[in-house]
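Below: the structure, in structure tokens.
Indexing begins at 1, ligand by ligand and atom by atom, following the structure's order.
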Amino acid sequence: MIVELKNDVSIAKANELAIATKSILVENEKNILVTYSKVKELPKELEAYADAFFVTDTDLQLASRQYKKENASVKIGDIEIGGNTNNTLMMTGPCSVESEEQIETVAKFLIKNDIKVLRAGCYKPRTSPYSFQGMGLEGLQLLAKMREKYGIKVITEVRDYSHIEEVIEYSDVIQIGAKAMYDQGILRRCGKANKPILIKRGFGSTLQEFAQAAEFVMSGGNENVILCERGIRTFEMNTRFTLDLCGVAWLKDKTNRPIVLDPSHALGARYGIADLSRACIAMGIDGLLIETHPDPSVAKSDAAQQLDFAMFEEMNASLKAVANAVGRVMI
Ligand code: PEP
Ligand code: MN
């Protein structure tokens, strides 16, 4: 149950009530208490202090449409997705920052194509400890340099808790990758960050588990959570993963969060990214994450799935019409 407290309830009192009712106090514009969802009746201790209360079916609570019917808005500086907008935000860049020259070439390409968000990893969660692990702090500093120089926003991923402060400091959006989706240390720390958090779905996670990862961040006080479907593992081995569009329909219906899709990691090959992107946009989503590299043949990670600039431009030119057909605006 979610209980919105009256405005005149002090923080000290709200803390006391949280202990008495075994709930989490979420301090925001409106202070709220969130109890286990099995609580269906307003606890007696809260009767005098509650403004309103909401019951949801499961522990999908703050992110649930049963609590907030409207689409939640998330702002990345002056860029807005969700809320009352019909924006579909393009976020693109290489899988990894590899050098200053490489990332600057990409930043210039983004400017040329009027794209506002650069995505690139600096701490890569590789399946092998022997392959390229990312440029780490040096990569983050290069991203910050690109932001300064070109006025773009950057999204980059936190791989583990050891460098979380750096990632929070240097990025405009913090990406929690598929492999880190269950890391509660990362989720809880992001709950205290004042930047948007993009959570990718673990490839072996149910939709409920995925949506509940957002609850860890939101119940920490950070409402700015974006959910990203990036493919799940199925029996099918001809594609890297299986992009779960049924899951996207579920997330749109059951959650109030902005939804972003990442066809690059789902398919794992560049040939179908344009088709998949058009299909994703036709679903009326809030954003796309696409991997693009100046020369994918020499990419240090995910070489097979990254688009080159010509492929990206050809795809991008076709997205606007699809977006318009479903009442969306590509930004
Ligand atoms: C990435 O975005 O480069 C990445 C590693 O993705 P995922 O966490 O979805 O595997
Ligand atoms: Mn990648």
Looking at atom 6 (O) of ligand 1, what's its closest protein heavy atom, distance included?
K200 NZ, 2.9 Å

The ring pair (Phe, Tyr, Trp, His ring centres under 6.0 Å) partners of F312 (sequence neighbours excluded) come to F109

Under 4.0 Å from one or more heavy atoms of A178, ligand 1 contributes atoms 7 (P), 8 (O), 9 (O)

Mark yes or no for whether R65, through its side chain, and T255, through its backbone, hold a donor-acceptor pair below 3.5 Å.
yes

Counting non-hydrogen protein atoms only, what is the nearest one to atom 5 (C) of ligand 1? Give residue, atom name and distance.
E157 OE1, 3.5 Å

Strictly under 2.8 Å of the Mn ion (ligand 2): which protein N/O/S atoms qualify?
C95 SG, H265 NE2, E291 OE2, D302 OD2

Starting from atom 4 (C) of ligand 1, which protein heavy atom do you reach first, and at what distance in Å?
H265 NE2, 3.3 Å

In this structure, does ligand 1 have an atom that sits under 4.0 Å from one of the heavy atoms of C95?
yes

Result for side-chain contact (heavy atoms from CB on, under 4.5 Å) between M90 and one of L319, V117, I331, D114 points to L319

Test item, K124 contacting ligand 1 (heavy atom, 4.0 angstrom)
yes

Are a donor atom and an acceptor atom from the side chains of Q66 and D57 found within less than 3.5 Å of each other?
yes

Sub-4.0 Å atoms of ligand 1 with respect to non-hydrogen atoms of E291:
3 (O)

Nearest heavy atom to atom 10 (O) of ligand 1 wins, so pick from R230, Q305, M181.
R230

Near G177 (heavy-atom distance under 4.0 Å), the atoms of ligand 1 are 8 (O)

Donor-acceptor contact present, side-chain Q61 to main-chain S219, <3.5 Å:
no

May I ask you to decide if the ring planes of F54 and Y67 are parallel, tilted or perpendicular, using 30° and 60° as cut-offs?
perpendicular

Just by distance, no angles: are the side chains of T21 and E45 close enough, under 3.5 Å, to form a donor-acceptor pair?
no

Per-atom contacts, ligand 1 versus R119 - under 4.0 Å to a heavy atom:
1 (C), 2 (O), 3 (O)

Applying side-chain contact (heavy atoms from CB on, under 4.5 Å) to D308 and not counting sequence neighbours gives P296, A310, M311

Holding to side chain to side chain donor-acceptor pair (under 3.5 Å), I want the full list of residues that pass it with N15, two or more places apart in sequence or in another chain.
none

Without hydrogens or angle criteria, can the side chains of T92 and T292 be said to hold a donor-acceptor pair below 3.5 Å?
yes

Are a donor atom and an acceptor atom from the side chains of S301 and R126 found within less than 3.5 Å of each other?
no

